[in-house]
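Reviewing the structure listed below.
Residue numbering restarts at 1 for every chain, and letters A, B, ... go by the order of the sequence lines.
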Amino acid sequence: MSQAADSGLIHTFFNADIVRQTSPMVMEAVGQTIAIGVLVIVAGILLGTALATWRFHTQSRVLRALIVGYVDVLRAMPPLVILILVYFALPYVNISIGSVLATFLCLSVILSAFIEECVWSGIMTLPKGQMEAARSTGMSWWQSMRHVILPQALRLSLPQITNRCIAAIKNTALGSVIGFAEILGSAQAASSDYANPTPLTLCAILYIGLIYPLVLASRYLEHRAGIR
Amino acid sequence: MQEILDTFFNPAVAVQVLPMLLSGLWMTVKLAALIIPLGLLGGLALALAHTQTRSRKVRIAINLYVDFFRSFPQLVLVIFVSFATPFIGIELSPVVALAISFMLSTSAYYCEILRAGITAIPAGQTEAARSTGMSATQTLRHVVLPQAFRNVLPDLLGNSIEIFKGTSLASVLGMSELLYSAQSAQSVLFNPTPLVLAAAIYLALLWPAVRFISALESSRRAQGG
Amino acid sequence: MQKKIILEAVDIRKDYGDLRVLNGVDIRVREGELVSIIGPSGSGKSSLLRCCNLLERPTAGQIIFDGEDITRDTVNINRVRQNMGMVFQQFNLYPHLNVLANVSLALRCVGKLGKAEANAVAMEALTQVDMAHKRDAFPGQLSGGQQQRVGIARAVALNPKIILFDEPTSALDPELVSSVLAVMKSLRERGMTMLVVTHEMGFARDLSDRVIFMDGGVVAANDTPDVIFSSQGNERMRSFLSRFLNER
C-alpha cells in the first residue's frame, strides 16, 4: 500500500481532529455505559440468584413452573425486541420510561434469567450430601444455602456467569436503538455530524478496551475450571 | 382491562398485520439460514486449525481473533461494517454487511465451543483409530468430530439460538425482518399490538428450542456427564 | 528352520525431554509366535509397544515390519497399521458407535469395503471373540471384559500380521480377566502372531513362546518362559518374579 493511500485511510478512519472534538462526548458515554453495565450486572446476579434459590426452596409446582417460564421466555426473545416492546409499547398505556431506565430494566431482567439458569445448574450439580451434611450439623435451610450450597454453586458456574455478564455489558449497545446515548449511540451521532467514520472507530477501540480484559478473565476462569 | 386488551392485544390490528409479520418472519428465517451455517463453518475451520496445527503462532493468532471479536457487541460490528465501509468506497448491501459482521463474531463463538469439544475427546480415541490404519482426516471425521459435536450439542444449539435472536439487529439496517415489520406496523397503526405479536412469534419459535436445551442439559447432569 | 521375522525393533531409543525411557532395545517376533513383555512399571514396556506401530516416534532406531523399515519418512504408516492391530489397556472403543460399527469402521474407511461386506467381516471377528450377540449394543452398555473383547475384534477384523496388546487386562475387574485371556488363547491357537505387554504372569508363563523382561528401558532378559520363570536371572528379575511367585 502506498504512503498516500495509507495516510488517506488513517485520515478517514482515525482523523485526529475529529477524535479530539468528539472524544469528550464519547468519553462521557463510556462513563454511562460502565455505570449501567455495573448496575445491570449487580441487579441481574442478585435477582437471578434469588430466583434460583426460590426455585430450589419452594415445594409448589406452580411457582417452580412460573420461574422456569420466566427464564424460558426471556431466553427465547431477542433482547432488542424486549427493549423496543418496553420502550415503545408502554407509552400507549401512559407509562413512559426514559431510554436509560428502559435499557437498565430490560437488560437486568434478561440477565437475571440467564443467571438463574447458571446458578440452578450449579445447585443441581452439587451432590445431595452437601445439604444433608450442613443440615446434620444443625444449620437451618437458609444457613446451609448461604454458607454451603450457594458459594459452591456460584463457584461452579462462575465461567458461565462471567460470560453472561459480558453479554449483558455488550447488550448496552442496544440502548442506542431507543436513543440512549451510550458509546455506540453517541459515536453514531458524532459520525453523522462529521460525516466521518472516526467516531465509530473510536467506539470500536473503546469497546475492545472495555471488554477485552473481561474476555481474557473469562478465558482464565474457564481454563481454571477445566484443570480442576 | 378492556382498554389494555384493545391496546396490546387488539384482534383487529393483529389480523390486519399478520401477513406483514409473517413475511417479516420469512425474512428472519432466511437470514438465520444464511448466517448460522456461515458462522458454524467458519468456527469449525478455526477450531480444526487450532487443534490440528503444530504451530504455536497459528494458535495464538486464532485465540487473538476469537477474543477480539468476542469483545464487540454484535450491533457495533453491524453498524461499523455497514456505515464505515462506504467511506472507503465499498458499498455493501445490507445482507452482505450483516452476513460479514455476523460471520466475524459467530465464527469466534462457534470456534470456542467446537475447540472445547474436540480437545475433550481422550487421546486414546485418536490412538485407537490411528492404530487401525485410519488417516488423521478419517479419524477426525469418523471418530473425533461426531463425539465432539454430540458432547457440545447444547452449547451449539444455545449459540445458534442467540444468533437467531441476533437477526433482529437487521432491523437497524432497515431490513424488513420480523422486528422491523412489527415496528413499522406499530408506527403506522399507532398501536403496539404488532410488537406484542412479533414477540409472541419469536417466543413460539424459540421456546421449544430453549426447553429442549434445558432438558438436554439436565438429562446430562443426571448421567453425571 | 526358523519362521520368518514379522516384527523387529533395532536399537530403539525413546526420550521424553530429558527422560530416556527406552535405551537401545532390540526385540524380534517371528511368525506365529506369542511374545510377552513383562517388567516393573516404568520399565518402558508400553512405550516400546507404542513405538512398534509409531503411535510414538522412536527418538532413534528402526522398526522393521514384514521386511520393511517403517521408520523411514516415506512409508505410509496408515497402510502399515492395517497389518498391525493394537489392543489398548483402556479399550478405547468409540462411544458414539455400536459394537458392529466399532469393528467395521476401519474396514470401510481403510479397507474400502462396502457396508455389507464390512459388516460380514466384522461379524466374523465378533464371533471369534464371542461378542456377536452384542452387535447392536453401545460400549457404555458393556462390561469391561466385553468391551475389551470388542477391542480385540476391532484389531482381528483387519486380519493383521501381528496384534500388539498393551496391558489388555490391567483395567479389568479380576473376575472379568479370564474371559479376555480365553479369547487371546484361542487367537494363539489359530496361529495369530502376538506381542503382549502384561502383568498376568500366569498367562505369560503358560502361553508365551518367549518372555522379554524389561527393566530401566532395556531388555534385561529374553528367553523361554521356562528359563525366565525358573528365576535364573539377575537380582532385579528374581525380586520382581518372587512377588508373583509368592502369590501362588
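To the nearest 0.5 angstrom, C:Y94 atom OH is 9.5 Å from B:Q147 atom CD. Once rounded to the nearest 0.5 Å, the distance linking CE of C:M84 with OG of B:S131 reads 10.0 Å. Rounding to the nearest 0.5 Å places CG of C:N76 at 9.0 Å from OG of B:S135.
Only the side chain of C:F88 comes within less than 4.5 Å of a heavy atom of chain B; its backbone N, CA, C and O stay farther away. When heavy atoms are compared at a cutoff of 4.5 Å, C:Q82 approaches chain B by way of both its backbone and its side chain. In this structure, no portion of C:L107 lies under 4.5 Å from any heavy atom of chain B.
The 12-atom threshold is not exceeded at CZ of C:R28, counting heavy atoms of other residues, nucleotides or ligands nearer than 6.0 Å. More than 12 heavy atoms of other residues, nucleotides or ligands sit less than 6.0 Å from atom CZ of B:F80. Under a cut-off of 6.0 angstrom, the local environment of NZ in C:K134 is sparse, with at most 12 non-hydrogen atoms contributed by other residues, nucleotides or ligands. By the neighbour-count criterion of 12 heavy atoms within 6.0 Å, atom CZ of C:R72 is densely surrounded, having more than that number from other residues, nucleotides or ligands. Counting non-hydrogen atoms of neighbouring residues, nucleotides and ligands closer than 6.0 angstrom, the CD atom of C:Q89 exceeds 12 such neighbours.
Minimum heavy-atom separation, B:T132 to C:V110: O-CG2, 4.0 Å. Between C:P95 and B:R150, the closest heavy-atom pair is O-NH1, 4.1 Å.
With a 4.5 Å cut-off on side-chain heavy atoms, B:M134 and C:R81 do not count as touching.
With respect to chain C, the highest number of heavy-atom pairs below 4.5 Å among B:Q138, B:E127, B:R141 belongs to B:E127. Interface remark: of the candidates C:V87, C:N92, C:L97, C:N92 forms the most heavy-atom pairs closer than 4.5 Å to chain B.
If you check the side chains of C:N53 and B:R130, you find no donor sitting under 3.5 Å from an acceptor.
No donor-acceptor pair under 3.5 Å is formed between the side chain of C:H96 and the backbone N or O of B:L145.
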